[in-house]
2 protein chains.
Amino acid sequence: MNTIFSALAEPHRLHIVELLRDGPLTVGEIVERLGLSQPQVSKHLRVLSEAGLVDVQPIANRRVYKLRPQSLQAIDTWLGSFRRLWETRFDRLESYLEAIQAKENKPPDRS
Amino acid sequence: MNTIFSALAEPHRLHIVELLRDGPLTVGEIVERLGLSQPQVSKHLRVLSEAGLVDVQPIANRRVYKLRPQSLQAIDTWLGSFRRLWETRFDRLESYLEAIQAKENKPPDRS
DNA sequence: ACGGAATATTCCTGTCAAGGAATATTCAAA
DNA sequence: TTTGAATATTCCTTGACAGGAATATTCCGT
């Protein structure tokens with residue numbers, strides 16, 4: 001999960017991932033759309049690949065890169081444990097503050 | 001979106017976010033759960049805050065940090081544009097390969 | 001086998017961010 | 001107003017990483 005996030009932390013890599021959303025692409029195609037140097041793109045693709053975000057398929061001279069849905073699904077699953085935070089209104093802040101107050105002032109005068 | 005990912009790219013910060021999932025926490029509480037130095041935690045919280053991932057609420061001496069659901073919701077929205085990749089089986093790879101073949105070999109012998 | 005296209009790898013350099021230590025700030029209590 | 005607790009900030013150093021240039025690799029066509 002950590003690896004995935006750091007892969008996506010780089011702007012160009014995030015861009016690549018978004019490009020691949022619309023279908024597989026060749027290195028050369030990514031190069032011309034991003035306006036980066038070919039070695040740069042290759043290096044970024046390597047990082048994305050090691051993070052499990054993309055898949056390679058060699059076809060003749062070229063290499064076709066493709067998104068790996070599982071990795072994005074992993075993010076989705078991770079997000080899942082947070083989803084209740086915005087799907088249900090769940091403000092524990094106030095009760096928490098009360099707890100703090102009670103714990104610190106510890107005066108039994110209000111009990 | 002970029003900022004959010006780089007904030008989560010750091011293991012300790014990811015950990016902090018996961019801690020806050022179960023409710024707001026004080027800096028000191030985070031310090032004792034992570035086993036990090038207090039300055040480290042403060043610095044990480046600063047990054048998280050600037051990325052919009054957390055909110056601060058000063059209460060007396062302490063500062064209570066809280067997750068900002070909107071930021072996680074932003075990730076969710078971003079993921080949304082990819083969701084069809086694993087919800088529907090959408091393998092354009094094969095047809096893409098055919099296209100490549102057709103484009104490169106350009107032999108009208110099959111036309 | 002050779003030449004060229006597509007891609008990957010290496011080496012180098014500069015930049016940026018994390019970690020540690022020390023210090024500054026803020027607030028409450030006495 | 002001094003003291004101490006909780007937190008933030010600064011300074012410094014070190015390591016990782018992106019970018020560029022050059023080179024290596026792989027594959028196809030001839």
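Chain A is the first sequence line, chain B the second, and so forth, proteins listed ahead of strands; every chain is numbered from 1. Note that these values count all heavy atoms, side chains included, but never hydrogens, waters or copies made by symmetry.
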Trainee: Kindly say if His12(B) contacts the phosphate of dG19(C), meaning a side-chain N or O under 4.0 Å from OP1 or OP2.
Mentor: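 So the side chain of His12(B) is within the cut-off, an N or O lying under 4.0 Å from OP1 or OP2 of dG19(C).
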Trainee: Nearest whole Å is fine: how far is dA18(D) P from Leu36(A) CG?
Mentor: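 Taking atom P of dA18(D) as the reference, CG of Leu36(A) is at 12 Å.
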Trainee: Can you name the side chain to side chain donor-acceptor pair (under 3.5 Å) partners of Asp76(A), sequence neighbours left out?
Mentor: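 Per chain and number, Asp76(A) pairs via side chain to side chain donor-acceptor pair (under 3.5 Å) with Arg83(A), Arg83(B).
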Trainee: Which distance, rounded to the nearest 0.5 Å, do you find between the CG of Leu25(B) and the NZ of Lys66(B)?
Mentor: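 The CG atom of Leu25(B) sits 13.0 Å away from the NZ atom of Lys66(B).
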Trainee: Quick one, give me the B/S/- string for nucleotides 8-17 of chain D, reading 5' to 3', where B means a protein heavy atom under 4.0 Å from the base and S means that only happens at the primed atoms, P, OP1 or OP2.
Mentor: BBB-------
Trainee: Could you state the CZ-P distance from Arg62(B) to dA28(C), rounded to the nearest angstrom?
Mentor: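 Checked: the CZ to P distance equals 11 Å.
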Trainee: With Phe82(B), which residues qualify under ring-ring contact (aromatic ring centres under 6.0 Å, His included), at least two apart?
Mentor: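 Testing Phe82(B) for ring-ring contact (aromatic ring centres under 6.0 Å, His included), a comparison that skips the adjacent residues, returns Trp78(B).
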Trainee: Between Glu50(B) (CD) and dC16(C) (C1'), how many Å, whole number?
Mentor: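 Result: 15 Å.
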Trainee: Could you list the donor-acceptor pairs under 3.5 angstrom formed by side chains in residues 43-51 of chain B, with sequence neighbours left out?
Mentor:
{"unit_1": "His44(B)", "atom_1": "ND1", "unit_2": "Arg13(B)", "atom_2": "NH1", "d": "3.3"}
{"unit_1": "Arg46(B)", "atom_1": "NH1", "unit_2": "Glu50(B)", "atom_2": "OE2", "d": "2.7"}

Trainee: Record whether the side chain of Asn61(B) comes under 3.5 Å of the base of dA28(C) through a donor-acceptor pair of N or O atoms.
Mentor: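 For Asn61(B), whose side chain was compared with the base of dA28(C), there is no donor-acceptor pair (under 3.5 Å).
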Trainee: Rounding to a whole Å, what distance do you find between Leu14(B):CG and dA18(C):C1'?
Mentor: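 Distance check: Leu14(B) CG to dA18(C) C1' gives 16 Å.
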Trainee: Round to a whole Å and report the spacing from CD1 of Ile30(A) to P of dA6(C).
Mentor: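 Taking atom P of dA6(C) as the reference, CD1 of Ile30(A) is at 15 Å.
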Trainee: Using whole Å, what does the distance between atom P of nucleotide dA17(C) and atom CG of Leu8(B) come to?
Mentor: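 One finds 16 Å between P of dA17(C) and CG of Leu8(B), rounded.
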Trainee: Just to verify, what does Ser6(A) make a side chain to side chain donor-acceptor pair (under 3.5 Å) with, not counting sequence neighbours?
Mentor: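 For Ser6(A), no residue satisfies side chain to side chain donor-acceptor pair (under 3.5 Å) once neighbours in sequence are set aside.
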Trainee: Between atom NE2 in His44(B) and atom P in dT7(D), what is the gap in whole Å?
Mentor: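 In whole Å, dT7(D) P lies 16 Å from His44(B) NE2.
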Trainee: Check side chain to side chain donor-acceptor pair (under 3.5 Å) between Ser37(A) and all other residues, then give those that pass, not counting sequence neighbours.
Mentor: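 Listed in chain order: nothing, the list is empty.
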